[in-house]
Structures are given as C-alpha cells and as structure tokens.
Amino acid sequence: MQKKSVVISGVGLWTPPYTVSNEELVDSYNAWAEQYNTKNAEQIHNGEMEAKPFSSAEFIAKASGIKNRYAYVKEGILDINRMRPKLSVRKDEELSHQAEMAMHAAKKALSEANKVSTDIDMVIVACAYTQRSYPAIAIEVQAALDIQGQAFDMLVACSAATFALQRAYDSVASGSCRAVLVINPELTSPQVNYTDRDSHFIFGDVATAVVIESSETCVSAHSYDILGTQCVTSYSNNIRSNFGYTSRVTDENPYEADKLFHQNGRKVFKEVCPMAASHIEAHLSTLGISINQLRRWWLHQANINMNLLISKRLLGRDATLDEAPIVLDRFANTASAGSIIAFSEHHKDLEEGDLGVICSFGAGYSIGSIVLQKRDVNA
Ligand code: COA
C-alpha cells in the first residue's frame, strides 16, 4: 500500500490569563526562605538543619533566559504560606481544567487548518502530566468537540508533542486516519516546587495544538509537508517527578521535594545538548538535507544557553533569533509545548520550499524531531 503524503495544516496556541515575573517569584521565594530560616534558627545554628539560600532574578535570567511565565491559576503561587497554585475542584460532570486548556488551543488549530470536528479521526492529548489516570483527557476533549473515532493520552515529558506528532504522522500516512488533532495542555505549575531555589523559576503553563492530515485534503493557507519524524529515548534519572498513584499507599508525603519536579540541571545540560545535536544531524542526513539548508529551528524551550549550544554545535556559529526563535523568555519551560509555541509564532513568514525542524529534548531522556517543508499554497 502506498504511503500518503502528510502535512501539518494548523497550529493553535492558548496562553493562560495570568503572568508571573521573575521578580514576583523571587520576592515571594525570598520571603518564604526568610520565614523558614527565622522559624528554624536554632536548628540551623546547631547544624541540624540547613538554611535556605536566597534566589535572584538576575541569576534566573542569566542562567536560563527565562524572564516570565504564564500561570493557569496564579492564586496561591506567591502566597508564602502556600507556595502552590490553588486549583478549584471540579465535579465529574464539569469540564476538567486540562480539557478546558486543551479545547482553547484545539479550536484555534482547527480554525487555522480550516477543519471541522467531522474531519478528525483521532485526538491525542500529549503532555508531561495528566491530572487523572482515566477517563483520558483526550476522550473528554473528543466528546466536547464532538469528534468521532479514537482518543488517548500520551505522557513523554518534554517530548510528548513530537512523539505524538510521529504517531499522528504514522496514522495518516498508513491511511488509518484522515486527520489527527494533537493537543498539549501543559499544566506544569502543580508540579513545581516553589520552595526550591534551583527549580522554582523553570516552568510555565500553556496549551498548544496541531492538526495533521493528508496533503490531499489540506486547504490551509500555511501548510508543511512532513519529510520525516524520528524519536528516541535513553534512560536517565537526572530529571524526575515521583508523585504517582501509589504515593497514597506507600504513605509518602506528596509535598516532599522528590515527589515534585527535580533535576540535576548541570548534568542534563551537559548530556542532553550533544544528544540533541547528534539527533538532528543524523535525522537530516537520512533525508539528504544538510544543516545549512535549514531555514528555521523550532527547538524545545528549556534554557536559552542549551539552544545556543545545540545550534552552534551544528552550524559552527551562533544561530540568529530568526533562525532559531526563542520564546522561553516569555513562556519559561512549558514542557512539550515549547517547540510548538515557537512553531506557532514563527512559521507564517517562511516561503515555499523552506525547510525547518521541530525538535524536543527532555526527561526520560527523550528526543524527537519532525522535519518540515513549507508547501505551495496552491498545491
Ligand atoms: N538564584 C541564585 N543563585 C542560584 C539559584 C537561584 N535561583 N539557583 C542556583 N543558584 C546558584 C547555585 O547555588 C550555584 O552556586 P554555587 O556556584 O555557589 O554553588 C550557582 O548558582 C550555579 O548553580 P547551577 O545549578 O550550577 O546553575 P546552572 O548554571 O546549571 O543553571 C539551570 C541552572 C537549571 C538553569 C540549568 O542547569 C539548566 O537549565 N539546565 C538544563 C536542564 C533543563 O532545562 N531541564 C528542564 C527539563 S527539560
């Protein structure tokens, strides 16, 4: 059976209503640390406890490039007696928080692709965390959008979007689906330890969505042929989030630091950058494309220095912001959505035939790349 040619025909970005700047975050963390140190002054003095160090907005901007992040719910994050967002509990009959985020982005992607619910055969909700095990958030979204066919959730941390795009590509290429909606409702703030100076600044909330379909049905004004997809994993303990459904029965404290996002940032930086660079190089070479032919790099958005290092390793020089756009200064690390935000904001200026790569890298480790070529609008 001949494989169908597959395109990305629509992308949607939804930004939550609240922002949290580095300064706000640092003011709140430092006030919390001061309170902690005062409360535990005696034990700290006796060497029984360690004093909490202070954070700095300048350090965060310099070490990561992050200046701001969005929050789905801001209430509670900056409250030094809470240090976590205060999400409302929704009844089973109500739309869940994550499904709501997903819907916003999905509607935008469908509208960009000029598609309606009846055109879609599969919904994949792909992200770093889902708020429950079942029913899948994807099935809830599928029902809310009145889409037939199948839906499922996929968790691949920061590479969830690219891994899901590969599943979507395979489904359309094989003919088992006409079109697939991949959605990334990244509600990361509940897993951030806002009392940890090393990681309190890293994440932000957002939702993105992408429509994938056969080129035969595509009527979008901006569409991209998918030339190839490549995903790989390699086990590492350097980025972990341990809270899970067994935590209740192992009697573990869900507030403990190791239950929340934690990482060995230096090691991640050192190990993941060369892996991502080699991955992109190997993927392009299987397609007969040289690095210099790439017009745009939509890279994962975790740390500006990582992106600079990866592109420099491949290009032999710094990539310009036009070549490798940065969105993490405004959005922070939004897990799997980062490279899709970059794609969403920076694709319409490409010309017919221009080549680009979406590339994610993160926990697992997991790395995924999708090589794209801008199509002729009249094709
Ligand atoms: N404010 C002020 N100082 C801080 C600080 C903060 N918020 N956090 C750490 N520091 C201090 C450290 O204590 C250390 O001090 P020391 O040199 O006296 O020991 C110094 O700054 C450097 O800390 P380090 O953790 O080595 O910083 P870094 O340069 O590695 O940057 C990250 C930290 C997290 C920004 C960086 O490691 C990173 O982004 N890694 C990539 C991993 C990633 O993005 N993962 C996300 C999942 S995909």
Side-chain angles (χ1 to χ4, degrees), residues 20-34 36 50-69 83 126-129 155-163 184 186 188-189 191-206 232-242 257 260-277 279 299-310 326-329 331-342 359-369:
V20 183
S21 67
N22 284 355
E23 288 72 20
E24 285 178 285
L25 210 56
V26 165
D27 282 351
S28 132
Y29 168 85
N30 285 348
W32 174 86
E34 199 164 306
Y36 176 97
E50 271 188 44
K52 294 290 174 190
F54 291 104
S55 186
S56 114
E58 295 72 41
F59 169 87
I60 296 169
K62 193 158 171 275
S64 70
I66 298 167
K67 296 179 181 147
N68 188 64
R69 74 273 304 131
M83 303 298 271
C127 45
Y129 312 95
L155 302 183
V156 199
C158 291
S159 285
T162 51
F163 276 52
N184 324 106
E186 291 290 8
T188 63
S189 52
Q191 265 288 302
V192 175
N193 183 353
Y194 290 102
T195 66
D196 175 38
R197 180 186 73 150
D198 292 358
S199 64
H200 72 129
F201 56 88
I202 292 182
F203 288 100
D205 300 329
V206 83
V232 68
T233 47
S234 170
Y235 189 66
S236 165
N237 271 323
N238 286 327
I239 316 172
R240 289 190 73 104
S241 166
N242 289 331
L260 303 171
F261 167 88
H262 57 287
Q263 69 168 348
N264 188 337
R266 272 282 147 114
K267 270 201 173 158
V268 173
F269 198 108
K270 259 175 99 173
E271 292 175 3
V272 169
C273 289
M275 281 171 78
H279 180 92
L299 297 180
H300 176 48
Q301 304 281 318
N303 178 304
I304 193 170
N305 300 315
M306 279 178 109
N307 290 19
L308 287 172
L309 193 64
I310 291 167
I326 293 295
V327 302
L328 61 86
D329 52 340
F331 287 89
N333 183 343
T334 50
S336 79
S339 55
I340 309 299
I341 302 173
C359 182
S360 67
F361 34 87
Y365 297 131
S366 55
I367 301 182
S369 53

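Order of appearance sets the numbers: ligands from 1, and atoms from 1 within every ligand. Numbers for residues simply follow the sequence, beginning at 1.
- Atom 40 (N) of ligand 1 is flagged as protein-proximal [any protein heavy atom, distance under 4.0 Å].
- Nearest-residue assignment for atom 36 (C) of ligand 1 (options I202, N303, L328; heavy-atom criterion): N303.
- Close contacts between ligand 1 and C158 involve ligand atoms 48 (S) [criterion: under 4.0 Å to a heavy atom].
- No donor-acceptor pair closer than 3.5 Å links the side chain of N307 to the backbone N or O of Q301.
- Taking the six-membered ring where tryptophan is involved, the planes of H300 and F361 are perpendicular, since the angle between them exceeds 60° and thus also 30°.
- Proximity of S64 to F201: side-chain heavy atoms (C-beta onward) are separated by under 4.5 Å at one or more points.
- No hydrogens or angles considered: a donor-acceptor pair under 3.5 Å links the side chains of D205 and T188.
- Put simply, SG on C158 and CD1 on I367 are 11.5 Å apart, with the number rounded to the nearest 0.5 Å.
- For atom 18 (O) of ligand 1, no protein non-hydrogen atom is found at a distance below 4.0 Å.
- Distances from atom 21 (O) of ligand 1 to the heavy atoms of F59, F269, F201, F54 show the closest one on F59.
- A donor atom on one side chain and an acceptor atom on the other are not found under 3.5 Å apart for R69 and N333.
- A side chain to side chain donor-acceptor pair (under 3.5 Å) with T162 holds for exactly one of S366, S360, S369; it is S360.
- Of all atoms in ligand 1, listed by their number and element, those nearer than 4.0 Å to a heavy atom of A63 are 31 (O), 35 (C).
- For atom 13 (O) of ligand 1, a protein heavy-atom neighbour is present inside the 4.0 Å cut-off.
- Residue contact check: V268 has heavy atoms under 4.0 Å from atoms 42 (C) of ligand 1.
- For atom 48 (S) of ligand 1, the nearest protein heavy atom is under 4.0 Å away.
- In terms of protein heavy-atom proximity, atom 15 (O) of ligand 1 is nearest to R197 NH2, 4.7 Å.
- Between V26 and F54, the closest side-chain pair of non-hydrogen atoms is not below 4.5 Å.
- Taking a 6.0 Å sphere around CD of E34, one finds it holds 12 or fewer heavy atoms contributed by other residues, nucleotides or ligands.
- At a heavy-atom cutoff of 4.0 Å, ligand 1 is contacted by no atom of V272, backbone or side chain.
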- How far apart are the C-alpha atoms of N264 and R266, what are their side-chain angles, what is the distance that settles it, and do they pass the side-chain contact (heavy atoms from CB on, under 4.5 Å) test? CA-CA 6 Å; N264 188 337; R266 272 282 147 114; 4.3 Å; yes

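- Each of the atoms 1 (N), 2 (C) of ligand 1 lies under 4.0 Å from some heavy atom of S56.
- The atoms of ligand 1 that sit less than 4.0 Å from any heavy atom of H300 are 48 (S).
- Shown here, atom 6 (C) of ligand 1 is in close reach of the protein: a heavy atom of it lies under 4.0 Å off.
- Protein heavy atom closest to atom 42 (C) of ligand 1, with residue, atom name and distance, is Q263 OE1, 3.1 Å.
- The closest protein non-hydrogen atom to atom 29 (O) of ligand 1 is R266 NH2, 2.7 Å.
- By the definition of a contact as any protein heavy atom under 4.0 Å away, atom 10 (N) of ligand 1 is in contact.
- For atom 44 (O) of ligand 1, the nearest non-hydrogen atom of the protein is A302 CB, 3.3 Å.
- The ring pair (Phe, Tyr, Trp, His ring centres under 6.0 Å) test applied to F261 returns F203, not counting sequence neighbours.
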